[in-house]
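No experiment lies behind these values; they were computed from the predicted model shown. In this chain, numbering begins with 1 at the start of the sequence shown. Note that ligands are numbered from 1 as they come in the structure, with each ligand's atoms numbered from 1 the same way.
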Amino acid sequence: MTDVLLTESRRTDPAIWWRQAAVYQIYPRSFADANGDGLGDLPGIVSRADYLAELGIDAVWLSPFYPSALADGGYDVADYRDVDPRIGTLEDFDRMVAALHERGIRVIVDIVPNHSSNLHPWFQEALAAGRGSAARERYIFREGAGENGEQPPTDWGAAFGGSAWERVEDGQWYLHSFATEQPDFNWDHPEVREDFLTTLRFWSDRGVDGFRIDVAHMLTKDLTEPLPSRAELEGLPHDGNHPLSDRDDVHEIYAEWRRVFNEYDPPRTGVAEAWVSSPERRARYASAEGLGQAFNFDLLVADFDAEQFRTIIADNLAQSAASGSSTTWVLSNHDVTRHATRYGLPALEGKPEKQGVEWVRAGGPADWVDRERGLRRARAASLLLLALPGSAYLYQGEELGLQEVAQIPADQRQDPAFFRGGEFDGFGRDGCRVPIPWTSTGSSFGFGSGPAHLPQPEWFAEYAVDVESSDPASTLSLYREALRLRRVLQTEEQLEWVETGRADVVRFARPNGWNVVTNFGTEPFDLGADAASVVLGTVDGGAVPGESTVWIAPSGILGH
Ligand code: NOJ
């Protein structure tokens, strides 16, 4: 019982709750639509607050809900301190925070500091004020190359395709690392720095518990002339001095943010989305003097493979132990093909995420994906992830075992990445952003009273919350039970690997006696006497079936 109480206080301690949290990502426009306009909204989240509580998560992370022209699903923010009127009002936001807090669920919001929307008043002011103006200094404007400045300043590419520079009416060019509608801020500018501190305080004052920082590694840039070419950039090491990415000086910003977080009681927290070259470099974002935590995407890009999982887990736990942070785990989010689909695809060239991409790009041919196998493996991987030390970030719909929707007609797609080429060329990310099914019948499967903003396929009915809620064998029931047990079993303590005699079977033990066995292979794995202590997952004839996970816990620890 002492163990249980200790664990409970670690989870609920307001200063460190995030270290071992299960965080559920809500993509607000696709979660629940209360006013029937086809877009999810904040009152919709309130209407599903009981669902979230019953699921057993510790916090939600909301993707952007700010005023936006939706050039990039809301990651083009026109006003950092307001709510998109199609999604609600600030009063709705307060009501949502209150409804979630009442249920013991904390709230993390997305901060997008690398770029604003081109409709942000500062950018509009910069356009109007013209070259050489103070207003242009807040962004990154340059003269073009070529005789009349008709060429972009460099040949750099934007992540969503095309040049990273766009020319404005008076002939100058501005830098946009993502869509044209997302001009990059100049983080050397004191007003930019100050304004984000104001934004952090604004949401903290409204009761927000933490922040997810979009492309946290890209804010500071060394744009000393002459600017390097694309080829030169690619040849430069990512050692903290790269002109565009993961520069050491970005941490000065997060140190300042930390001071703001610590003005609050309990201190606010941060999690960095930082695509950097190594766990060591990632750890800098997660330091106690910085944001506190950083996403670890290593499992998200791994195969469903025992050796890869073992190595990734060991490396990241070692790194987090060395840095004093707690690691994070992610299998799905709003940017990648859902893992229940990724894991059901045949081995194509490259990594599994690449497989998902290739499949979507090819129009999602049904005969490429084995949905049953994908779901079986996804359940196994999710149970493993939920048993690891550190925070687990879950993406809305994965608790239903929801599959990617690849068959979205081009004229109904929204993701700029689908249309513009670039690294997301021709696949886009709409397929994981389709509004989730709440009921097996009815308009937009219970998402709202009208059609959803992205088309939902008929097979969504099978994954609906009402169907899965009443089925003890459903993925939803499995997640609920896993999250319930995790609240009791999760501790800060690290794991120890247990030899299984099989390369395709991973087993680890936590100091409180919690054991986890994942069979990545297809041959059953005999559990011996431990079969009697399985508290989650299926055992068949005393063995762990292929592609599945079981949790074992000594009697007594669960308090019954
Ligand atoms: C990362 C976000 O997750 C993604 O959705 C967005 O397109 C880019 N950052 C640009 O903001």
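A salt bridge is absent between E125 and R136: the closest approach of a Lys/Arg side-chain nitrogen to an acidic carboxylate oxygen does not fall below 4.0 angstrom.
Nearest protein heavy-atom neighbour of atom 2 (C) of ligand 1: D214 OD1, 3.1 Å. Among protein heavy atoms, atom 3 (O) of ligand 1 sits closest to D335 OD2, 2.5 Å.
The one candidate from D110, N114, D335, D214 that meets the side chain to side chain donor-acceptor pair (under 3.5 Å) condition with Y75 is D110.
Shown in contact with H334 at under 4.0 Å from a heavy atom are these atoms of ligand 1, numbered in order with element: 2 (C), 3 (O), 4 (C), 5 (O). Residue contact check: F160 has heavy atoms under 4.0 Å from atoms 7 (O) of ligand 1. Short contacts between ligand 1 and H115, defined as distances under 4.0 Å to a heavy atom of the residue, involve ligand atoms 10 (C), 11 (O). Less than 4.0 angstrom separates some heavy atom of R429 from each of these atoms of ligand 1: 4 (C), 5 (O), 6 (C), 7 (O).
Under 4.0 Å from ligand 1, not a single heavy atom of W275 appears. With a 4.0 Å cut-off on non-hydrogen atoms, R433 touches ligand 1 through its side chain and not its backbone.
The shortest N or O to N or O distance between D72 and ligand 1 is under 3.5 Å.
Under 3.5 Å, the side chains of E181 and H176 contain no donor-acceptor pair of N or O atoms.
With a 4.5 Å cut-off on side-chain heavy atoms, Q403 and Y463 count as touching.
Remark: F447 CZ to F31 CZ distance equals 10.0 Å, nearest 0.5 Å. Considering CG of L383 and CZ of R379, their distance stands at 8.0 Å, rounded to 0.5 Å.
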Next on the checklist: Assess the residue pair R429 and D72 against the criterion (salt bridge (charged side-chain N to carboxylate O under 4.0 Å, His left out)); give the C-alpha distance rounded to whole Å, side-chain angles, the decisive distance to 0.1 Å, and a yes or no.
Outcome noted: CA-CA 10 Å; R429 300 159 295 176; D72 180 21; 3.0 Å; yes
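Contact annotation: R212 has at least one heavy atom less than 4.0 Å from an atom of ligand 1.
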